[in-house]
Amino acid sequence: MAATRTASRACEIFTTLEYGPAPESHACALAWLDTQDRHLGHYVNGQWLKPEHRSSVPCQDPITGENLASCLQAQSEDVAAAVEAARASLENWSTQPGAIRAQHLTRLAKVIQKHQRLLWTLESLVTGRAVREVRDRDVPLAQQLLQYHAVQAHTQEEALAGWEPMGVIGLILSPTFPFLDMMWRICPALAVGCTVVVLVPPASPTPLLLAQLAGELGPFPGILNVISGPASLGPVLAAQPGVQKVAFCGAIEEGRALRRTLAGWVPELGLALGAESLLLLTEVADVDSAVEGIVDAAWSDRSPGGLRLLIQEAVWDETMRRLQERMGRLRCGHGLDGAVDMGARGAAARDLAQRYVSEAQSQGAQVFQAGSEPSDSPFFPPTLVSDLPPASPCTQAEVPWPLVVASPFRTAKEALAVANGTPRGGSASVWSERLGQALELAYGLQVGTVWINAHGLRDPAVPMGGCKESGSSWHGGQDGLYEYLRPSGTPAWIPYLSKTLNYDAFGLALPSTLPAGPETGPAPPYGLFVGGRFQAPGARSSRPIRDSQGSLQGYVAEGGAKDIRGAVEAAHQAAPGWMSQSPAARAALLWALAAALQRREPNLVSRLERHGVELKVAKAEVELSVKRLRAWGARVQAQGCALQVAELRGPVLRLREPLGVLAIVCPDEWPLLAFVSLLAPALAHGNTVVLVPSGACPIPALEVCQEMATLLPAGLVNVVTGDRDHLTRCLALHQDIQALWYFGSAQIRPQA
Amino acid sequence: MSAHQQGTELDLSWISKIQVNKPAVLRRAEQIQARRPVKKEWQAAWLLKAVTCIDLTTLSGDDTASNIQRLCYKAKYPIREDLLKALNMHDKGITTAAVCVYPARVCDAVRALKAAGCDIPVASVATGFPAAQTHLKTRLEEIRLAVEDGATEIDVVINRTLVLTGQWKGSDFIKTSTGKETVNATFPVAIVMLRAIRDFFWKTGNKVGFKPAGGIRSAKDSLVWLSLIKEELGDEWMKPELFRIGASTLLADIERQIYHHVTGRYAAYHDLPMS
């Protein structure tokens, strides 16, 4: 009977030539779950941790809804236990020679290789992603990552002399990110000698399996600990004593909330946010290959996010036709089917996509879907949205998986304007066969990574990161290592912020200042140094500055929100000019400033002396300031672009770009040296600056401004005096400042 | 083979506008080999489809009437009868698409096929195969003689001197290479050719056929070629009128795979008839 059915089937397929199922057996994944009695806990210090009296969540097959296992939800005590394990093993692990760490990572890579089927079937089974993607890309890449970082560990003593591991690293993963994102972060952290606690979302067994494989290797059980629990445990993990850095990858909103909660609590927070990508297709591109690039970016279960697609008008029709034709050939289905392009991602992802589509439709967009899925199906078909009105809310929102939102552009200039017109800056690709044009577009895109005529290529040696709201942490390559290193001898970090700081009221009130009598001695330069000249403050009032004896040294302008606005504007105007200066020109200017400081030495020394600084110390401060400027001037020459060749069928160009407009709030101590030391690196790297000098002793800084007025281009450095807290608040609330360096009494993180 | 191309005005701007990004095409070629596995009865059916697209070829200097005859017989009965019966495909006329021989052997092939009682077409390479560096006059004469002998399909080796100097000509079918080059049918090259075929179809409505030849030896290869056609051109191209595989040893491997599918055992060499 069976034979006959097979026979008739073959006969039918011979005519239709359809694809059949190509299921991967996931028996070993189930067998592994059975070893845990279908009940997963946490993996801490080389053993399973299954505390009692905890709630648990089911781990389900996203397609059938079948219950695969139950997963314990961690509580604060479990987090503490995991951090304790990591802390206990830190000493041993970080003092091992790099060669030993390298050996350990290599052994883990081998273990993964030996049990890869278990890994890929388990991951595909519980996430619903196409097994082909996990098997052919994620698992090999995980191995490559371990091997690459093993080499880095091996050469660490030489290559990274002067740097030491930070300590215990907390890593928080959000549900949409695959286990590979964990590997991108734990590999460099472990390689340089850090130990890691990973907080994974409930019901994600693959990281637990990896931790088990690593733990069973033996001598260093506590270096990788995985606990599963809700996102609300993030701050708990961060607040554990000993955690020196928290790395997070997830949605932009979650990242922002975490940043707010953790301000002042964790020394470093590395954010990688959002998953949307961008593809820019010009009229001189290989359109068929670009269409494949779109498939790679959005419909191949590679990225957890959607795609914004910009198409040059001349090839719009042609591209749409090819794209729709190609969409018709995409196959959705059970992730464990080897011939499937796209699996299912669970109800949450599907609902998010559906909401976006309905919203877009209601705003007048055209929606093309290849095939239709019934509303109760776990699948969401590949979807192409076009004709979205530019001003509609959807254009600003992040495009969710598995959507592609296409819009046309006319010229390269317009393409850049549209592409850069979002707060996100993750990754993008440019498709053009004209080298000059492709490079011009790539340089102009404000994103962390740009691929040319490809999309989504990854290599362990190539750093990848984002800018703007997509976060600023890097992973991969050398840059990824520095995320988990600090200069040797840096004191361990201590939380310094009281939880009671009220952000709403901080720096809101501006204390009023009254005339305090006539100045003694020569009057200091007066005004806010904005746009290259001294200007009267918007508030038209001044604050008295007293010397160490309490007698009046002079008045400085009382800056406010409007002055900050003006200063930022001036800095932005100066930015393109300064950015395009050659390193040599930037170095020359810094050296000229150093020379000017030297000329003004007697003047500066006497100002510092009046502030109560001993003559010897004051002289040393000025001398050191001059030295700093020279040193940074010299370092400008060393920066630039590095060319690496990875196995990506092409070279990789790593560019160091200035952040843009930097705001710096100087500390009260060392009024001149701090001012110069903060200013010099910012300028050296091509940034323009808005700076609040020492509150107690701003006059030396203003003296330097007099020199800068004649030496530097207008707007390059802007110095605003006034109430520190109030100015800090104004700076933090300015969205167009790319970074804020704050040194002082309290911590206000930039909202930008 | 279907009716000849009506042809179209030569518009060289089509060619100058084509953009091909080699690394991207190479990536696609790698992907296509891993993304569409075909298993079980689907595999059997697809392999039989591949059989019907084979130009069963012998192009050796020592070809004689006897091995041509054996080849023709294999073309008529490419898969053992009992295996076809098990798949209920024995009455579907599964034969190879054509037999492909040198011009001097066309007579032998036509005679053998007539004796076997079938109408499988005889294809002949002609025109100074494989280099085509002979005079136009002799090449045309070669085609005329082959057709006179009964060949119904001619694999013309184009004059690559003309191509390299930008003087293009049209065709019913395009072929990756003669099969006698150092590099023959590769997936990246095929992708570029298939995309050109699709563009030509979209512009003119004419369907040009495609024939990869040389180096296609395993059943798995033939499945990848079929899925490549399906992905880039669609189902309508997956038939002998528009798709041929030039091969000599491929058929043996396909037969072995079908044997395995039907019996669950791997065949010894002596289990299957030689060609």
Side-chain angles (χ1 to χ4, degrees), chain A residues 3-24 130 132-133 135-137 282-293 295-296 300 315 318 321-322 325-326 328-331 337-341 431-434 452-455 457 648-650, chain B residues 17-52 84-92 94 191-192 194-196 198-199 202 226-227 229-239 258 261-262:
Chain A
T4 335
R5 206 166 50 237
T6 304
S8 62
R9 209 58 220 276
C11 201
E12 184 194 320
I13 301 162
F14 184 79
T15 343
T16 61
L17 284 173
E18 63 192 6
Y19 291 115
E24 283 268 349
R132 160 194 60 71
E133 191 64 23
R135 181 192 60 205
D136 297 346
R137 190 179 141 97
T282 68
E283 62 189 4
V284 282
D286 175 353
V287 176
D288 285 306
S289 291
V291 166
E292 292 304 325
V295 172
D296 283 345
S300 68
V315 287
E318 190 194 348
R321 180 175 186 182
R322 279 162 212 263
E325 172 100 359
R326 182 70 178 87
R329 304 222 158 92
L330 289 168
R331 303 187 73 229
D337 186 325
V340 147
D341 293 301
W431 294 77
S432 167
E433 291 302 308
R434 242 181 243 153
I452 293 177
N453 293 325
H455 198 104
L457 300 184
L648 301 174
R649 293 206 183 97
Chain B
K17 268 190 202 150
I18 292 173
Q19 303 284 356
V20 176
N21 186 271
K22 189 175 167 191
V25 171
L26 292 175
R27 276 195 300 276
R28 172 72 174 145
E30 257 169 39
Q31 285 175 359
I32 202 109
Q33 297 176 58
R35 292 202 169 177
R36 291 286 184 267
V38 186
K39 306 275 185 205
K40 305 229 160 99
E41 50 263 53
W42 283 269
Q43 189 180 73
W46 279 52
L47 286 176
L48 288 179
K49 178 55 84 175
V51 168
T52 64
L84 286 179
K85 258 194 187 130
L87 292 167
N88 200 19
M89 294 291 288
H90 54 288
D91 51 1
K92 296 289 186 295
I94 302 277
I191 286 170
V192 174
L194 293 176
R195 287 174 178 172
R198 184 184 56 202
D199 286 356
W202 280 357
L226 276 172
S227 65
I229 302 290
K230 188 175 167 84
E231 292 293 311
E232 291 287 337
L233 290 175
D235 293 352
E236 51 200 315
W237 256 268
M238 296 170 80
K239 54 188 182 189
I258 293 200
H261 174 73
V262 171

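Labels below follow one simple rule: chain letters A, B, ... track the order of the sequence lines, proteins then strands, and each chain is numbered from 1. Since we're looking at a predicted model, the values are computed, not measured.
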Please look at [X] and chain B and tell me whether the side chain, the backbone, both or neither of the residue comes under 4.5 angstrom of a heavy atom of that chain.
{"X": "A/Asp337", "result": "neither"}
{"X": "A/Pro23", "result": "neither"}
{"X": "A/Ala285", "result": "backbone"}
{"X": "A/Arg322", "result": "both"}
{"X": "A/Asp288", "result": "both"}
{"X": "A/Arg331", "result": "both"}

pair [X]-[Y]: side-chain heavy atoms closer than 4.5 Å:
{"X": "A/Asp286", "Y": "B/Val25", "answer": "yes"}
{"X": "A/Phe14", "Y": "B/Leu87", "answer": "no"}
{"X": "B/Asn21", "Y": "A/Glu433", "answer": "yes"}

Interatomic spacing from [atom1] in [X] to [atom2] in [Y] - rounded to 0.5 Å:
{"X": "B/Arg27", "Y": "A/His455", "atom1": "CZ", "atom2": "NE2", "answer": "11.0 Å"}
{"X": "A/Arg329", "Y": "B/Leu233", "atom1": "CZ", "atom2": "CG", "answer": "7.5 Å"}
{"X": "A/Thr16", "Y": "B/Trp42", "atom1": "OG1", "atom2": "CH2", "answer": "9.5 Å"}
{"X": "A/Ser289", "Y": "B/Leu26", "atom1": "OG", "atom2": "CG", "answer": "9.5 Å"}
{"X": "B/Gln19", "Y": "A/Glu283", "atom1": "CD", "atom2": "CD", "answer": "10.0 Å"}

[X], part contacting chain A, at a heavy-atom distance under 4.5 Å:
{"X": "B/Arg35", "answer": "both"}
{"X": "B/Gln43", "answer": "neither"}
{"X": "B/Leu84", "answer": "neither"}
{"X": "B/Asp235", "answer": "side chain"}
{"X": "B/Ile18", "answer": "neither"}
{"X": "B/Ser227", "answer": "both"}
{"X": "B/Lys40", "answer": "neither"}
{"X": "B/Lys92", "answer": "side chain"}

Heavy-atom pair count under 4.5 Å with chain B, highest-scoring of [options]:
{"options": "A/Thr15, A/Asp136, A/Val284", "value": "A/Val284"}
{"options": "A/Gly328, A/Ala290, A/Gly338", "value": "A/Gly338"}
{"options": "A/Arg321, A/Arg326, A/Glu292, A/Glu18", "value": "A/Arg321"}

Check your understanding: Between B/Lys230 and A/Tyr19, what is the shortest heavy-atom contact and its length?
Key ->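 The answer is CE-CE1, 3.3 Å.
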Where do B/Ala45 and A/Ala10 come nearest, in terms of heavy atoms and distance?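 In terms of heavy atoms, the two residues are closest at CB-O, 3.3 Å.
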Q: Before giving the answer on side-chain contact (heavy atoms from CB on, under 4.5 Å), spell out for B/Arg36 and A/Asp341 the whole-Å C-alpha distance, their side-chain angles and the decisive distance to 0.1 Å.
A: CA-CA 9 Å; B/Arg36 291 286 184 267; A/Asp341 293 301; 2.5 Å; yes
Exercise. Indicate yes or no: does A/Arg9 engage B/Glu41 in a salt bridge with an N to O separation below 4.0 Å.
Key: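 Looking at B/Glu41 together with A/Arg9, the answer is no, because their closest N to O distance does not fall below 4.0 Å.
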Sequence neighbours excluded, the answer for side-chain hydrogen bond (donor to acceptor under 3.5 Å, both in side chains) partners of A/Ser300 is none
(request) Would you sort out whether B/Trp202 and A/Glu325 count as a side-chain contact (heavy atoms from CB on, under 4.5 Å), showing the intermediate values? (result) CA-CA 12 Å; B/Trp202 280 357; A/Glu325 172 100 359; 3.7 Å; yes
Can you tell me which of B/Arg195, B/Lys39, B/Gln31 forms the most heavy-atom pairs within a distance under 4.5 Å of chain A?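 Most heavy-atom pairs within the cutoff with chain A belong to B/Arg195.
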Name the option with the most non-hydrogen atom pairs under 4.5 Å to chain A; the candidates are B/Asp199, B/Val262, B/Leu226.
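Most pairs with chain A among the choices: B/Asp199.
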